[in-house]
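These notes are about the structure you will find just below.
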There are 2 protein chains.
Amino acid sequence: MLNYSTSEENYIKAIYRLQGSDGTVSTNALANALRTKPASVTDMMKKLKAKKLLHYQPYQGFRLSQEGSRVALGIIRRHRLWEFFLAEKLRFSWDEVHEVAEELEHVSNKKLIDKLDEFLGFPRVDPHGDPIPDASGRIEINKRICLTELPLLQVAIVSNVKDQSSPILELLEHMKIRIGTKLEVKKRFGFDESMEIKIGRLPAVLISKQLAENIFVKYEG
Amino acid sequence: MLNYSTSEENYIKAIYRLQGSDGTVSTNALANALRTKPASVTDMMKKLKAKKLLHYQPYQGFRLSQEGSRVALGIIRRHRLWEFFLAEKLRFSWDEVHEVAEELEHVSNKKLIDKLDEFLGFPRVDPHGDPIPDASGRIEINKRICLTELPLLQVAIVSNVKDQSSPILELLEHMKIRIGTKLEVKKRFGFDESMEIKIGRLPAVLISKQLAENIFVKYEG
DNA sequence: ATTTATTTTTAGATCTGTCTAAATTTATTT
DNA sequence: AAATAAATTTAGACAGATCTAAAAATAAAT
Ligand SMILES: [Mn+2]
Ligand SMILES: [Mn+2]
Ligand SMILES: [Mn+2]
Ligand SMILES: [Mn+2]
């Protein structure tokens, strides 16, 4: 269990996110995600390769090694547990937690995190609906579908929101849509790809294509 | 409200501690406290002077400016609030909190700390009995005296323990002495400067000079 | 298959924080 | 008051992380 610098951790986490379920990540994509320059990425890739955290051949992109993925899941665990703590215990709103967790995630004391997990009651998802890896790095990969693909009249539960910024939160709160909300799509309109949805017994409302694209749902409770 | 690096913050905090109530701190003393080298201290002092955080003339030692003290109190506030959180909410023991707080203290988000303070119920002292500065940097300077100077038969309350390591905790727990414990000194023995103390209605016990020197008490409740 | 455009890497610089070894200043002794 | 000792600063080096500008490799277009 070596320790990695804040910078190394930010690179590892970004690669994990970009590579999805086993893709390869390019220098430019990573530089863009981290708001840094391609030359800096190449430098860091050499360092992380030397530490055996990723596979990398010059010009061929990179992907995390098994150890790299393990490290990434540890960072994501810390990030999401802190987000849960901030939202649940300190009453931060949904769009404020990410920024603070971005710093707290780098305090990597195993006991701290495991005790925090226990204190929080072993939460399964963070305030954005993203799953929290457990102490051994296991993460539940529940199959979510985008609201744009949910069959008509099929009841589903909001499990996740892609964009996690302040403006979308404002809209979702106004629409009374949050993680865990049950809803169904009544009708889709081809003209602007807007759709009419019904939440519980509330009157049906219309939501835009842009909003629907950011809402992910799952079946059952 | 500028932001300072972890390194700068560690220097500022150490100077604050060493200078006590307005003394001047020497290069060697600071190097020793931070387990670094005198040359590194001189380098950093130049930087902190340029940022107007301290007064410093070469060869003449240094002391924090008003702004430097303000920054120091902010760091101490964060440190002690996290220590309280770790002990009270995550059930860390007394000697474990410091190390973790040493890292958490550098996450300097004002809202995070003020919300944490509120969540914890605005605690006045950390798990070692040290006072916690409030949101505006005020800190209560309660006059504590060392157990070695407490007059005989004078009841007092344990308010603070100087050494905060694991071995002293073990001994204090065995003796049933903790922050808030009421006790009085029954007798002092010149031979080894040990003393007999009485805690509440428990039978009197003997404690060593070394232990007494690390216990600080205050009068009244 | 060349040429052109894009992506990626290298070369060289800068900034922070640290170190060792040498020089300088201040304090202490004789 | 000199000489010696101790404390402090300077000089020069190095590692981590970043950048700009130039070179090299790969991909796309003609
Ligand atoms: Mn981060
Ligand atoms: Mn999240
Ligand atoms: Mn620290
Ligand atoms: Mn403390």
Side-chain angles (χ1 to χ4, degrees), chain A residues 2-16 18-19 23-64 68 71-72 75 102-103 105-108, chain B residues 2-20 23-64 68 71-72 75 102-103 105-108:
Chain A
L2 284 165
N3 253 348
Y4 301 101
S5 73
T6 293
S7 202
E8 289 170 332
E9 288 190 343
N10 284 336
Y11 275 93
I12 292 165
K13 193 166 59 118
I15 295 168
Y16 184 91
L18 288 174
Q19 83 180 9
T24 184
V25 179
S26 76
T27 303
N28 272 356
L30 186 52
N32 190 54
L34 290 170
R35 289 217 210 80
T36 184
K37 296 291 176 291
S40 307
V41 170
T42 300
D43 286 347
M44 184 60 91
M45 293 309 99
K46 287 180 191 162
K47 222 182 307 175
L48 296 182
K49 185 189 183 179
K51 294 189 179 187
K52 296 191 191 305
L53 292 171
L54 47 77
H55 304 289
Y56 163 58
Q57 292 303 330
Y59 297 100
Q60 305 304 306
F62 26 81
R63 54 174 223 288
L64 294 176
V71 172
I75 304 163
E102 204 56 45
E103 294 192 55
E105 70 187 359
H106 302 295
V107 176
S108 62
Chain B
L2 284 163
N3 253 346
Y4 301 101
S5 73
T6 293
S7 203
E8 290 170 330
E9 288 191 342
N10 284 335
Y11 275 92
I12 292 164
K13 193 166 57 119
I15 295 169
Y16 184 91
R17 186 140 25 85
L18 288 175
Q19 85 182 7
T24 184
V25 179
S26 76
T27 303
N28 272 356
L30 186 51
N32 191 53
L34 289 170
R35 291 217 209 80
T36 183
K37 296 294 178 287
S40 307
V41 170
T42 299
D43 286 347
M44 184 60 91
M45 292 310 99
K46 287 180 192 163
K47 220 182 311 176
L48 295 182
K49 185 189 182 179
K51 294 189 179 187
K52 298 190 189 305
L53 292 171
L54 46 77
H55 303 290
Y56 163 57
Q57 293 303 330
Y59 297 100
Q60 305 304 307
F62 27 82
R63 56 174 222 288
L64 295 177
V71 173
I75 303 163
E102 204 54 46
E103 294 193 56
E105 70 187 0
H106 302 294
V107 177
S108 61

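Proteins get letters first, then strands, A, B, ... in listed order; numbering begins at 1 in each.
- The residue among B:Ser5 and A:Gln60 whose nearest nucleotide of DNA chain C lies closer to the 5′ end is A:Gln60.
- The CG-P distance, from A:Asn10 to D:dA17, rounds to 11 Å in whole Å.
- Between B:Ile12 and B:Gly68, the closest heavy-atom pair is CG2-O, 3.7 Å.
- Neither OP1 nor OP2 of D:dA17 sits under 4.0 Å from any side-chain N or O of A:Tyr4.
- For A:Lys52, there are no side chain to side chain contact (heavy atoms under 4.5 Å, CB included) partners, not counting sequence neighbours.
- Residues meeting the side chain to side chain contact (heavy atoms under 4.5 Å, CB included) test with B:Ala33, sequence neighbours left out: B:Leu18.
- Nucleotides of DNA chain C with any atom under 4.0 Å from a heavy atom of chain B span, from 5' to 3', C:dT16 to C:dT26.
- The distance between atom CG of A:Asn28 and atom P of D:dA27, rounded to the nearest whole Å, is 13 Å.
- For B:Leu54 against B:Met45, the heavy-atom pair with the smallest separation is CD2-SD, 3.6 Å.
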Writing each nucleotide of DNA chain D 5' to 3' as (, ), [, ], | or . by Watson-Crick or G-U pairing under 3.5 Å yields ||||||||||||||||||||||||||||||
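- Not counting sequence neighbours, the partners of A:Tyr56 by the ring pair (Phe, Tyr, Trp, His ring centres under 6.0 Å) test are A:Phe62.
- A:Tyr56 comes within 4.0 angstrom of the backbone, heavy atoms only, and of no base.
- In this view, B:Lys49 satisfies the side chain to side chain donor-acceptor pair (under 3.5 Å) rule with no residue, not counting sequence neighbours.
- Using a 4.0 Å cut-off on heavy atoms, the residues of residues 33-43 of chain B that approach DNA chain D are B:Pro38, B:Ala39, B:Thr42, listed by number.
- Of all heavy-atom pairs spanning A:Asn3 and A:Ser108, the tightest one is OD1-OG, 3.1 Å.
- The pair A:Glu102-A:Lys13 counts as a salt bridge, with a side-chain nitrogen and a carboxylate oxygen less than 4.0 angstrom apart.
- In this structure, A:Lys47 does not reach the D:dG16 phosphate: none of its side-chain N or O atoms is under 4.0 Å from OP1 or OP2.
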Atom pairs, protein N/O to nucleotides 22-24 of chain D N/O, distance under 3.5 Å:
none

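- For the pair A:Ser7 and B:Gly61, both in contact range of DNA chain D, the more 5′-proximal nearest nucleotide belongs to B:Gly61.
- Residues meeting the side chain to side chain donor-acceptor pair (under 3.5 Å) test with A:Thr27, sequence neighbours left out: none.
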Per-pair distances, 0.1 Å, donor-acceptor, side chain in residues 35-43 of chain A, under 3.5 Å, sequence neighbours excluded:
{"from": "A:Thr42", "atom 1": "OG1", "to": "A:Pro38", "atom 2": "O", "distance (Å)": "3.3"}

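- Between A:Pro58 and B:Ser26, the residue whose closest nucleotide on DNA chain D is further toward the 5' end is B:Ser26.
- A:Ser26 is linked by a side chain to side chain donor-acceptor pair (under 3.5 Å) to nothing, counting only residues two or more places apart in sequence or in another chain.
- By the salt bridge (Lys or Arg N to Asp or Glu O under 4.0 Å) test, B:Glu9 is found to be paired with B:Arg78, residues two or more places apart in sequence or in another chain being considered.
- Contacts of A:Phe62 with the nucleic acid, taken as non-hydrogen atoms under 4.0 Å apart, are absent.
- Minimum interatomic distance between A:Asn10 and A:Leu34 (heavy atoms only, all atoms of both residues): O-CD2, 3.7 Å.
- Nearest heavy-atom pair across B:Thr24 and B:Gly61 is OG1-C, 3.8 Å.
- In this structure, B:Thr27 reaches the D:dT9 phosphate: one of its side-chain N or O atoms is under 4.0 Å from OP1 or OP2.
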